[in-house]
Engineer: 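Quick one: the structure is below, questions incoming.
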Amino acid sequence: MSLALPVGKNGIGWLLPALIIAGWEVASRAGVMPANVLPAPSAVAEAFWRLMLSGELIRNIGVSTARALAGFAVGGSIGFALGLANGLSTLSRGLTDTTLQMIRNIPHLALIPLVILWFGIDEEAKLFLVALGVFFPIYVNTLLGIQSVDPQLVEMGRVYGMDRRALFFRVILPGALPAIFVGLRYALGIMWLTLIVAETISASSGLGYMAMQAREFLLIDVVVLSILIYALLGKLADSLARLLERLSLGWHPAFQNG
Amino acid sequence: MTAASLTAARSFAATPVRPIGSVEGQRAFAFRHAGKRFGDKTVLDGIDLDVPAGQFLAVIGKSGCGKSTLLRLLAGLDRPTSGSLTFGVAEEGHSRTRFMFQEPRLLPWASVVKNVEVGLTGIATGSEARHRALDILGEVGLADRADEWPSVLSGGQKQRVALARALVGHPQILALDEPLGALDALTRIEMQQLLERIWIAQKFTAVLVTHDVAEAVALADRVVVISEGRIALDLDVPVERPRRRGSVELARLEGKILDRLFG
Ligand SMILES: Nc1ncnc2c1ncn2[C@@H]1O[C@H](COP(=O)(O)OP(=O)(O)OP(=O)(O)O)[C@@H](O)[C@H]1O
Ligand SMILES: [Mg+2]
């Protein structure tokens, strides 16, 4: 089983992005691509260096990451707990699942005006939106994972005298784990998406705020830089989740060819 | 696999003959007028079956006649709706009954040896559990596969792991629900020999449900046929071990059972 990040394993995947960037640079220098539409990669790199030196970039990345993780921790743990409860107890499921499925059909970003009315543009607003966005993928997939655990294995566990605790940790949770990871990776995507939107609309710090400020001052290189950093952070989160997945699902045939 | 099965076959042939019902006088379990209904469908209706400890019992019957239901009662997975089931050593009861299913039912996320250790739940943990699990894996010829995932094993190997899991806790009673049904003919014979060898060594009571009449007479001390919810035939197999497959004696008994099934 290889533990390398999927990125490292096929360097060929980076060939196309590198070619695109090179082409973009050439087009900018030749004047085909006006700088006020899309700045050259070198200009973006310069902006990156400038903001690194001033400390602004690190600070804003820190603020955004902290928000993302806080919202993820809150929404993710509630979703996970409810998913477990509803997967294991028919009473709990009967009580809450219908309500949750109804709420799920409201796009959480549609709540932004309401959230601003409730919380203003404070941290709570972003935390709430991210938590809500992350909650559903985790909840739905945890529940699905538990419901799809092979009942024959559960019966086997009972016959061999496992108590409820052993049954949960040795049969049900490992069986639900592949689905839970699907939920996790999906939730990480939603986490960044929600944060970008929330920070762009209302914030006084963070990457989204930095991008909006730059737009007002027509610093298009900084705008492009913010977008790229969002992309990198998203990719990083996904790679981490994949690494965790590989580490804990080594038994799964899908992970045994590495 | 080949080396292991050769050892299995050799020690099988070398095993001394074991007298039928050698644990004298003791009873393993008894069904008394036991019945089982699902809704208004009566599956078992007045089963009387007294099994002495150490006996190898085979249960035969047409599909849907209630063989699995009988085993589930024995393993405590279901309760009889009428009549009773008693065990020879009452306080041990279901807890010393192990069940081997038609499918291996191994945990895909646990290594082979960890799967065997499941059979020691509540009996042993830690290094003692691992030690005992490795021992029994050796007996089924899979000691060298202990740390692999079940998904890389063949069907017959998976069933051997399941057998090791069932046996590692030294059960008093081993209930087997067509555990060899899905195996190819050669692997099947190998598994039958392995099962017989371990049964002779461990002296548990075996209850084997099977569709295969030849398998039943080759392995069992006693064969019961279930039909319409009752025991339609209760036949001793007084043939010395090791038994020779296809011998005249076994064929005669086989014919008798088939007559009862289709007559
Ligand atoms: N939980 C249940 N609820 C309702 N009916 C059941 C249930 N379990 C078994 N039955 C019925 O009881 C009958 C006997 O089932 P059982 O599984 O014991 O048959 P079997 O002899 O093992 O058959 P096979 O050889 O095909 O495995 C069948 O008609 C089956 O539909
Ligand atoms: Mg059956």
Side-chain angles (χ1 to χ4, degrees), chain A residues 1-3 80 83-84 87-88 141-142 144-185 241-258, chain B residues 68 71-78 92-125 129 133 147-153 158-159 161-169 171 173-177 179:
Chain A
M1 188 180 74
S2 149
L3 299 184
F80 184 61
L84 287 186
L88 297 172
N141 285 286
T142 304
L144 188 80
I146 290 193
Q147 286 176 332
S148 63
V149 170
D150 185 353
Q152 291 195 331
L153 288 182
V154 177
E155 188 184 64
M156 184 281 297
R158 287 222 179 85
V159 177
Y160 280 89
M162 289 190 192
D163 55 22
R164 292 169 65 94
R165 197 187 139 82
L167 212 53
F168 176 74
F169 282 106
R170 294 172 71 178
V171 181
I172 295 173
L173 190 60
L177 216 51
I180 294 175
F181 268 112
V182 171
L184 178 77
R185 289 180 56 194
R242 273 167 176 267
L243 178 69
L244 270 180
E245 196 175 29
R246 276 183 168 265
L247 285 175
S248 49
L249 299 185
W251 55 270
H252 203 283
F255 294 93
Q256 279 171 8
N257 39 27
Chain B
S68 297
L71 278 198
R72 294 175 63 85
L73 294 182
L74 182 61
L77 288 171
D78 267 324
E92 283 186 332
H94 297 301
S95 69
R96 295 306 300 277
T97 305
R98 284 291 182 247
F99 203 104
M100 203 177 153
F101 304 93
Q102 179 158 9
E103 324 77 30
R105 300 201 190 183
L106 303 178
L107 301 174
W109 43 83
S111 65
V112 165
V113 62
K114 285 280 169 206
N115 264 291
V116 177
E117 284 178 35
V118 167
L120 290 168
T121 306
I123 301 174
T125 53
D147 292 309
E148 292 183 43
W149 300 119
S151 58
V152 304
L153 300 182
K158 284 182 189 157
Q159 234 8 329
V161 176
L163 180 63
R165 177 180 64 192
L167 293 172
V168 71
I173 301 170
L174 178 61
L176 306 113
D177 194 356

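Residue numbers begin at 1 in each chain, while the letters A, B, ... track the order of the sequences.
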Engineer: Under a 4.5 Å heavy-atom cutoff, which of A:Glu155, A:His252, A:Met162 has the most pairs with chain B?
Structural biologist: A:Glu155

Engineer: Name the member of A:Gly175, A:Ala166, A:Gly161, A:Ser248 that forms the most heavy-atom pairs with chain B at distances under 4.5 Å.
Structural biologist: A:Gly175

Engineer: Between A:Asp163, A:Asp150, A:Val171, A:Leu177, who has the most heavy-atom pairs with chain B when the cutoff is under 4.5 Å?
Structural biologist: A:Val171

Engineer: Kindly indicate whether the side chain of A:Ile180, heavy atoms from C-beta on, has any atom under 4.5 Å from the side chain of A:Asn141.
Structural biologist: no

Engineer: Have B:Ser68 and B:Asp177 got a donor and an acceptor in their side chains that come within less than 3.5 Å?
Structural biologist: yes

Engineer: What distance separates B:Leu176 CG from B:Gln159 CD, expressed to the nearest 0.5 Å?
Structural biologist: 9.5 Å

Engineer: Please check: side-chain N/O of B:Arg165 versus main-chain N/O of B:Leu120, any donor-acceptor pairing under 3.5 Å?
Structural biologist: no

Engineer: Side chain, backbone, both or neither: which part of B:Phe101 has a heavy atom under 4.5 Å from chain A?
Structural biologist: side chain

Engineer: For A:Arg170, which atoms come within 4.5 Å of any heavy atom of chain B: side chain, backbone, both, or neither?
Structural biologist: both

Engineer: Where does B:Glu103 contact chain A at under 4.5 Å (heavy atoms): side chain, backbone, both or neither?
Structural biologist: side chain

Engineer: Is the closest basic N to carboxylate O distance between A:Glu245 and A:Arg242 below 4.0 Å?
Structural biologist: no

